[in-house]
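Heads up, the thing below is written out as structure tokens.
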Amino acid sequence: MRSRLQAVVLPSEVGEFAEEVRRIFIELGRSASPEALSGECVPPLDVYETDETLEVALDVPGVDAASVRVVVKGNAILIAGEKTPRRGRGDSSFHLVERGFGRFARLVRLTTACDGGRARAVLADGELRVTLPKIVERRGQTIQVPIASQRPVA
């Protein structure tokens, strides 16, 4: 059965991930003041679900793998990084800039159980695809426990 997923943009959910976002931005060579934790650009993302996995696809053209971090914690996945601005040629200047750049942090709340330890991320052709294998949720299910009989020692 497929579940409902929620994609949430920071900073509304920064609370439990604030330290991770701060560490990632520092690791990427940028300061991370509390007001800067939300990032400066918002790459679009899609969340897909199959019977076996959840997949998060994030558009990050021009970003290399060294500039992105993926963290799974509890029932959420955090994708944070930095997209560097395009530079004009030395003999030209920009007249229009629509493509965003800067730091980004996206948070996806998962409402189904996933195995974060087996998550995989691939960055190819400007798309970061994170695959999380789903695990069977057992809470709330009735489980019959077998009873072994032991004979008294005489």
Side-chain angles (χ1 to χ4, degrees), residues 1-87 96-148:
M1 181 172 134
R2 300 227 168 95
S3 60
R4 175 174 255 174
L5 302 173
Q6 298 174 352
V8 180
V9 179
L10 294 176
S12 63
E13 299 276 337
V14 139
E16 68 192 84
F17 279 90
E19 191 54 41
E20 284 86 355
V21 173
R22 203 173 279 112
R23 181 183 50 77
I24 289 168
F25 286 163
I26 289 170
E27 197 175 288
L28 294 174
R30 299 280 304 262
S31 65
S33 62
E35 61 276 359
L37 291 179
S38 63
E40 298 157 350
C41 72
V42 183
L45 65 77
D46 294 329
V47 180
Y48 305 90
E49 183 175 4
T50 68
D51 291 336
E52 295 84 32
T53 64
L54 292 177
E55 293 187 22
V56 179
L58 186 76
D59 285 344
V60 286
V63 175
D64 61 50
S67 297
V68 181
R69 302 294 184 273
V70 178
V71 177
V72 178
K73 182 178 177 182
N75 67 340
I77 179 170
L78 171 72
I79 303 170
E82 183 170 16
K83 182 177 179 184
T84 56
R86 290 181 49 90
R87 303 281 186 235
L96 176 66
V97 177
E98 290 185 345
R99 295 183 288 175
F101 62 89
R103 294 175 292 188
F104 60 87
R106 299 296 310 263
L107 178 72
V108 177
R109 289 261 176 225
L110 307 174
T111 57
T112 189
C114 292
D115 185 353
R118 292 188 4 221
R120 298 289 172 253
V122 175
L123 179 60
D125 299 324
E127 178 184 76
L128 176 67
R129 185 171 294 271
V130 181
T131 303
L132 299 123
K134 291 176 13 180
I135 55 177
V136 177
E137 179 65 63
R138 296 185 195 160
R139 290 181 286 187
Q141 291 182 341
T142 302
I143 300 172
Q144 184 70 34
V145 179
I147 301 171

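Here, residue 1 is the first one in the sequence, and each next residue gets the next number.
- Rounding to the nearest 0.5 angstrom, the gap separating the CD atom in Glu55 from the CG atom in Asp46 is 11.0 Å.
- From Thr84, atom OG1 reaches atom CZ of Arg103 across 14.0 Å, with rounding to the nearest 0.5 Å.
- Rounded to the nearest 0.5 Å, atoms CG (Leu110) and CD (Glu49) are 9.5 Å apart.
- Under the 4.5 Å side-chain criterion, counting only non-hydrogen atoms from C-beta, Asp59 is not in contact with Leu45.
- Ile77 is not listed as a side-chain neighbour of Val71, based on a closest heavy-atom distance of 4.5 Å or more.
- Using a 4.5 Å cut-off on side-chain heavy atoms (C-beta onward), Val42 and Arg106 make contact.
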Residues 113-127 side chain polar contacts: donor-acceptor under 3.5 Å, at least two apart:
unit_1 : atom_1 : unit_2 : atom_2 : d
Asp115 : OD1    : Gly117 : N      : 3.1
Glu127 : OE1    : Arg129 : NE     : 3.4
Glu127 : OE1    : Arg129 : NH2    : 3.2

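- Val68 places none of its side-chain heavy atoms less than 4.5 Å from the side chain of Leu58.
- Side-chain contact check for Lys83 versus Val60: every heavy-atom pair is 4.5 Å or farther apart.
- Between Arg109 and Asn75, the shortest heavy-atom contact is NH1-OD1, 3.3 Å.
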